[in-house]
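Because the structure is predicted, anything quoted here is derived from the model rather than measured. Chain letters run A, B, ... following the sequence lines, proteins first and then strands; every chain starts at 1.
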Amino acid sequence: MKLENIPQKELEKATKGLHIRFMGTDDDAVFKALADASRRELLDRLRTASGLTLGELCDGPAMTRQAVTKHLAILERAGLVVTLKRGREKLHYLNPVPISDISMRWIGRFEEARLQALFNLKEAFKENDT
Amino acid sequence: MTTPDQVYKTHINASADKVWAAIINPEFTRQYWFGNVNVAATWEKGAPWEHKGLDSGTVHHLGIIEDIVLNIRLVLSWGNPGDDHDISRVTFTLEEKDGGTELTIVHGDFVDDSAIAKRVSGGWPKVVANMKEFLESGAVASPGVACQHSAA
């Protein structure tokens with residue numbers, strides 16, 4: 001069954017319900033935390049190699065230990081970085097939830113709806129085939 | 001190549017017992033976890049658990065309850081049916097804080113080059129967002145689909 005033969009009503013049903021998720025009061029902290037290149041660089045590093053110690057995060061170009069500590073504190077308060085005690089070490093992790101929330105709110109809506117609709121239809125075809 | 005742990009953290013304006021119920025009570029879980037539920041014959045350390053589609057009955061993930069402290073911590077081994085290799089661990093930690101609950105989910109201890117790690121990294125943020133919305137407003141407006149369980 002070709003995609004263009006799917007009734008409009010089915011497509012609409014699959015994409016129905018997109019909405020604005022409530023944005024919390026911490027959003028200022030998130031945007032402010034992201035509005036700094038050094039902090040974004042730290043997030044990039046945590047994205048590729050999660051669970052880094054302070055030492056490992058300082059082990060890069062152009063950022064003093066003091067600067068890294070300051071930036072991590074801002075990122076942690078914004079909920080973008082989470083620290084976990086693993087044995088005697090304190091490891092830093094990127095928490096993608098705040099960024100994912102922003103993405104779902106504004107950027108992902110239309111693309112996601114299209115992908116969701118396609119996925120739902122694909123699942124429906126599979127059921128029809130069995 | 002080592003697969004890094006994944007950490008997801010959010011604050012939910014609901015008490016810890018409600019967040020806990022949202023995780024293990026199918027009546028609540030199905031309303032936000034994309035039609036899937038977490039079930040166990042008994043929620044006790046050492047017992048098996050499954051993550052399955054409520055309507056289809058298909059088991060997507062399964063494992064053993066490694067630790068359970070009511071309303072505080074739930075640790076599950078996490079694998080796919082028929083796969084004895086790509087097994088990981090999910091830890092839910094609940095901490096009452098600031099008039100609500102801080103929920104931290106750690107999905108880690110993956111095998112090297114874990115395929116599961118890639119797939120769940122897309123799903124967890126959506127599950128967390130939906131859970132938060134469900135607990136704070138009573139419903140999820142667009143339950144949708146989080147991730148592809150079936151092989152494409």
Study note, to complete from the structure: Rounding to 0.5 Å, atoms CG (Asn95(A)) and OG1 (Thr10(B)) come to a distance of 7.5 Å

Practice item. Check which hydrophobic residues are tied to Val69(B) through side-chain heavy-atom contacts below 4.5 Å, counting indirect links as well, and list them. Key: Ile72(B)

Review point. Leu91(A) and Val97(A): same hydrophobic cluster, using ILVMFWY side-chain contacts below 4.5 Å?
Key: no

Review point. Do Val7(B) and Leu94(A) touch side chain to side chain, with heavy atoms closer than 4.5 Å?
Key: no

Review point. Can you name the residues that form a salt bridge (Lys or Arg N to Asp or Glu O under 4.0 Å) with Arg89(B), not counting sequence neighbours?
Key: Glu66(B), Asp109(B)

Practice item. Spell out, yes or no, whether Leu74(B) and Ile12(B) are grouped together once hydrophobic residues are joined by side-chain heavy atoms under 4.5 Å, including indirect joins. Key: yes

Check your understanding: When clusters are formed by joining ILVMFWY residues with side-chain heavy atoms under 4.5 Å apart, either directly or through shared neighbours, do Ile23(B) and Phe134(B) land in the same one?
Key -> yes

Check your understanding: Once you round to the nearest 0.5 Å, how far does OG of Ser50(A) lie from CD of Gln6(B)?
Key -> 8.0 Å

Review point. Do any of residues 66-83 of chain A come closer than 4.5 Å to chain B, heavy atom to heavy atom, and if so which ones, in number order?
Key: Val82(A)

Review point. Listed by chain and number, what are the salt bridge (Lys or Arg N to Asp or Glu O under 4.0 Å) partners of Asp86(B), not counting sequence neighbours?
Key: none

Check your understanding: Crowded around Asp84(B) CG? As in, over 12 foreign heavy atoms under 6.0 Å?
Key -> no

Exercise for review: Flag the pair Arg86(A) / Asp5(B) as yes when at least one side-chain heavy-atom distance between them is below 4.5 Å, and no otherwise.
Suggested key: yes

Review point. Out of curiosity, does Val106(B) fall in the hydrophobic cluster containing Ile65(B) (side-chain heavy atoms, cut-off under 4.5 Å, transitive links)?
Key: no

Review point. Hey, what do you get for OG (Ser100(A)) to OH (Tyr8(B)), rounding to the nearest 0.5 Å?
Key: 9.0 Å

